[in-house]
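Only a predicted model underlies this, so the values are computations on that prediction, with no experimental measurement involved. All ligand and atom numbering here is 1-based and tracks the order in the structure.
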Amino acid sequence: MGKIVVVGSINMDMVFTSDKRPKAGETVIGNTFSLIPGGKGANQAVAASKLGADTYMIGCVGNDSNGEFSLKNLRDMKVNTRAVKIVDKAPTGLANIIVADNDNSIIVIPGANFEMDKDVIKENKALLLSADMVLLQLEIPMEVVEYVVDICAENKVRVLINPAPAAPLKKSLIEKATYITPNEHELRLIFDNQETDAVLKQYPNKLIVTMGSRGVKYHDGNEIREVPSNKVDVVDTTGAGDTFCGALAAALVRGDSIEGAVIFANKAASFTVTRLGAQSGMPELADLL
Ligand code: RIB
């Protein structure tokens, strides 16, 4: 079993479902409301853990009931939380999620996630160095992301960056990362609007581009490989990208090839979208077999 360390966000997701997405200035009557533990970091940790990886989380929550709920949930999902810091200065991160028209829209209030700093990383450097792979997203300060990638690169620890939510990445960060998993929108923002295939050719076996219902693309060193998505009845797409990243990492650390890992992660992400919620929809190994 490989060891994964996720450095990232922990949020409480407030999920509203509705038949119709409200336009600006409009009020609509919705269907359901749920409070579901989320955050791209925590989601990826749960995805990896449910699929068999020995998973640790480095992050921050507030000293409040959402923080307690999130930590308990991570522990229930067998994610080790000894490196999650409880901070007094800010509340646990929140996400307002609207699920309508087969898609979601999300507003994140980072709260305690933005209290992550280099000191939190220094305190947990030994844990980072013990990882078979480190996973990062962009819901914590960019300087922390860059610091972690520097440590990983200096110490030859594999690091996967999921550049979500979309933000520009420094060229040096791109060079130092082992894997980068943008969706098409994130890819365009990071690579100056270049076409997907043109960018893939520049970063073989590093860049893995997710394309929603059209599947996943990467360059294997010889050619561009395309893995189609599995056809499923979509209930909620929230967390599909996170499931993909957690599952990809879990497969890579157990020794799968990139091709095998991408196929496995694609299958896991397809499973997630058939259920409501990010973490609540994620599969276990048995579900995928
Ligand atoms: O990727 C989905 C996640 O984005 C949600 O769980 C929400 O918390 C936001 O971080």
**Prompt:** For ligand 1, is there an N or O atom under 3.5 Å from any N or O atom of D13?
**Reply:** yes

**Item:** Backbone N/O of H219 and side chain of R225: donor-acceptor pair under 3.5 Å
**Value:** no

**Item:** Atoms of ligand 1, numbered as shown, that sit under 4.0 Å from any heavy atom of N43
**Value:** 2 (C), 3 (C), 5 (C), 6 (O)

**Asked** If you group Ile, Leu, Val, Met, Phe, Trp and Tyr whenever their side-chain heavy atoms sit less than 4.5 Å apart, what else falls in with F264?
**Response** L51, F271, L285, L288

**Polar side-chain atom of S49 near backbone of M77 as donor-acceptor pair, under 3.5 Å** = yes

**Prompt:** Looking at V108, which atoms of ligand 1 are within less than 4.0 Å of one of its heavy atoms?
**Reply:** 9 (C), 10 (O)

**Request:** Could you tell me whether G239 and ligand 1 have an N or O pair separated by under 3.5 Å?
**Result:** no

**Message:** Counting only nitrogen or oxygen atoms and a 3.5 angstrom limit, does S9 reach ligand 1?
**Reply:** no

**Request:** Output yes when a side-chain donor or acceptor of E115 lies under 3.5 Å from a complementary backbone atom of V87, and no otherwise.
**Result:** no

**Asked** Can you list the ligand 1 atoms lying under 4.0 Å from a non-hydrogen atom of A95?
**Response** 7 (C), 8 (O)

**Message:** When you measure from the centre of the six-membered ring of Y179, is the NZ or CZ of K206 closer than 6.0 Å and no more than 45° off the axis?
**Reply:** no

**Item:** Distance from atom 2 (C) of ligand 1 to nearest protein heavy atom, with residue and atom
**Value:** D242 OD2, 3.3 Å

**Message:** To check your reading of the model: name the closest protein heavy atom to atom 4 (O) of ligand 1, its residue, and the distance in Å.
**Reply:** K40 NZ, 3.1 Å

**Item:** Within-4.5 Å side-chain heavy-atom neighbours: L136 and V159
**Value:** yes

**Subset of ligand 1 atoms that lie under 4.0 Å from at least one heavy atom of G38** = 6 (O), 8 (O)

**Prompt:** In the protein, what heavy atom is nearest to atom 10 (O) of ligand 1, and what distance, to one decimal place, separates them?
**Reply:** E139 OE2, 2.6 Å

**Asked** Can any side-chain N or O of Q202 pair as donor or acceptor with the backbone N or O of A198 at less than 3.5 Å?
**Response** yes

